[in-house]
Amino acid sequence: MPVFRCIAALLALLTAIFSPSLAAAQGRANHIAAELVAEGPATPGGTVDLAFVMKPEPGWHGYWANPGDAGYGMELTWSLPEGWSAGDLSYPVPQTLLISGMMNHVYEGPYAVLVPLSVPSNVRSGAIIPISVEANWLACTDKICVPEQALLAATVKVGSGTATEARFDGWRADIPPLIDRAASFSFDNNTLRIGIPLPATLEIAAPHLFLGETGLIDYAAPQTFRREGDMLVAELALAKDADLSAKAISGILKLDDAGNGVSFAGQPGSVPQGGEVLEFGAASNGIPAFPLLLGMALVGGLLLNIMPCVFPILSLKALSLARAGESEAEAQREGLAYTAGVILACLGLGALMLALRAGGAEIGWAFQLQEPGVVAALLVLAVAITANFAGLYELPSLSVSGGGQPMGAFGTGLLAAFVATPCTGPFMAAAMGAALLLPAAQAMLLFAVLGLGIALPFFALGFIPALRRLLPRPGKWMSVFRKVMAVPMALTALALGWLAWRLGGWQFLLAASSFAGLFLLVLVIAGRRQRAGQRAWPLVAGAVPVLAIGCVAALPHVMAPPVAAEAGLIAAQPFSEKALAEARASGKPVFVWFTADWCLTCKVNEGVAIEREETKQAFEKAGVVALVGDWTRRDPAITRFLTAHGAGGVPLYLWYPAGGGEPQQLPQVLTPSTLTELAGAN
């Protein structure tokens with residue numbers, strides 16, 4: 001974004017004014033070590049290559065010439081003899097890095113930037129010429145950025161002979177070659193279309209197009225690639241204020257994740273409209289293909305039905321379809337109404353999350369469970385549902401004996417979705433993580449499909465008579481089953497009470513429980529009035545706003561700081577970007593896991609695979625450094641890290657191998673041997 005670049009440039013300017021060397025002034029080395037190397041010998045009247053050799057510390061990165069949404073590339077001020085001149089910088093293929101929805105073009109490992117140096121023809125052979133350059137660059141982690149600079153010097157020997165610096169062969173191999181034919185580009189419906197002449201036989205595994213011109217495209221938007229014979233067509237979403245008067249463009253096309261690519265230059269012209277859309281299994285910004293994401297959202301929503309707070313609601317609604325005399329039309333109406341309620345709730349939560357993130361809030365999926373007030377409201381709700389299942393009062397939408405009412409089914413759908421979405425289960429994490437990065441329309445479609453997955457069992461029962469015939473025949477046992485289902489709902493209420501204590505302390509739990517008890521008393525009185533044939537709901541309708549106002553007024557004043565997490569078997573340090581960088585710099589294997597007290601999947605995995613004596617012994621033997629990120633309360637740093645790794649929520653498990661290397665993202669459902677096998681392999 002221009003604002004970020006302006007701020008970074010201002011910092012660099014202040015650094016240059018007030019200190020000839022920021023690193024020296026602060027008494028420390030740069031986070032990206034820099035060295036200027038000359039190849040030589042230089043021929044009079046010819047050119048010689050120089051290399052800026054950049055070596056970031058673990059966890060730090062530098063930037064390409066066009067840094068993307070934030071940062072800035074290398075800036076140089078040369079001190080050269082008269083007649084000498086430096087050409088344009090040539091960069092290797094950069095990497096993509098998503099942080100909080102912003103796309104950055106970076107280098108996370110050692111890299112070299114080459115520049116040709118023109119030598120005057122009147123320089124005598126045998127001369128040794130000193131050159132120097134003041135270099136400024138930005139060094140960043142995922143959390144902080146530091147403007148850095150250095151005064152770099154080298155000597156160039158003039159004469160004939162073989163090259164004296166063998167490393168240049170490897171550095172040149174990393175520079176993407178320029179395609180010998182010009183590309184063409186055009187603007188069409190908020191899209192930049194670039195036709196790049198590439199042989200159809202050239203293998204392309206994971207493309208991403210890095211455009212040299214700044215402010216022209218939306219860097220974080222998905223990129224589409226089509227093949228039309230020997231022409232590769234890239235379709236890129238334009239930035240909001242893009243200047244469409246460009247007369248030329250240039251950039252780098254990354255071909256795979258091994259650092260291979262080609263550079264290109266293009267002029268305005270016609271670009272093929274057709275061609276086959278290429279599928280690479282994952283979009284260029286790390287997001288899986290959209291049809292796959294839809295499938296993940298559907299299956300993930302379906303699996304949420306087995307959660308202890310959802311299964312009782314689904315079971316009772318399913319049994320309501322087994323009532324004697326239930327008609328096909330009534331079953332279908334209830335199925336549609338329930339599905340509409342679930343989908344609307346998921347869309348509402350998704351839209352609220354996207355709106356808050358657009359406003360600058362660092363939140364992710366299940367953000368509502370990070371708010372103590374929401375947990376208190378859910379506690380009251382869970383107590384109310386438990387009392388209904390226990391038969392203390394009747395709520396038609398959850399009754400197994402009342403008549404089918406679409407509005408009751410709709411309300412039940414809203415309720416089921418709201419209590420089902422605190423945790424990202426299997427298949428769901430990638431979909432919810434992608435929803436934070438995709439355009440709003442695609443993100444909302446993912447939320448809708450998630451809701452469809454949650455509603456699918458009841459929807460199928462409403463429209464497939466054969467499934468309804470599999471349900472037990474109605475009878476007195478249904479009332480007993482309803483009371484049995486009160487047990488998991490009561491356990492859910494206890495879990496919410498524990499979470500309220502974790503978030504706000506004992507006084508907060510006591511206050512929230514008191515309001516839940518008062519509401520329960522109101523419901524019990526309403527139940528007695530129902531059994532006496534009297535109107536009960538005016539009493540409830542009058543009590544709800546009074547209790548709500550009391551909660552809003554009282555709860556914030558009794559809230560204490562969140563309770564510190566208890567130490568487990570695994571001696572894990574609290575997660576931070578600094579702690580992760582230090583752990584990786586040690587050369588030891590690193591295991592990082594992100595959890596929350598309200599995440600059922602997290603707690604199951606911790607009991608099954610993490611907090612075990614076998615895992616502890618395997619970690620100690622392999623020297624594994626463990627870090628844990630607690631996302632129970634809102635934590636912007638953890639949210640940014642989750643987003644950067646394509647996760648919309650917890651759990652997230654990362655394994656960094658010994659000696660460095662890319663992290664391995666582990667499945668969301670861990671087995672007892674998952675971690676012990678990884679530790680044993682190091």
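Please read these numbers as outputs of a predicted model, since none were measured by experiment.
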Please determine, by modelled atom types, if Asp630 and Thr632 share a side-chain donor-acceptor pair under 3.5 angstrom. yes
Verify the distance criterion only: is there a donor paired with an acceptor across the side chains of Asn605 and Tyr653 at less than 3.5 Å? yes
What are the two closest non-hydrogen atoms of Leu209 and Ala234, and how far apart are they? CD1-CB, 3.9 Å
With sequence neighbours excluded, residues passing side chain to side chain contact (heavy atoms under 4.5 Å, CB included) with Pro672: Val608, Arg612
Results of side-chain hydrogen bond (donor to acceptor under 3.5 Å, both in side chains) for [X] - residues two or more places apart only:
X      : answer
Gln95  : none
Ser513 : none
Gln332 : Glu328
Asp257 : Lys254

Salt bridge flag under 4.0 Å for residues Asp597 and Lys603: yes
Does a salt bridge link Glu334 with Arg468, judged by any charged N lying under 4.0 Å from a carboxylate O? no
Quick one: ring-ring contact (aromatic ring centres under 6.0 Å, His included) partners of Phe594, sequence neighbours excluded? Phe575, Phe641
Does the plane of the ring in Tyr393 sit parallel, tilted or perpendicular to the ring in Trp537? Use 30° and 60° as the thresholds. perpendicular
So, Trp593 versus Phe591, ring centres under 6.0 angstrom or not? yes
Phe459 and Phe463: ring pair (Phe, Tyr, Trp, His ring centres under 6.0 Å), yes or no, with the steps? CA-CA 6 Å; Phe459 182 83; Phe463 280 82; 4.8 Å; yes
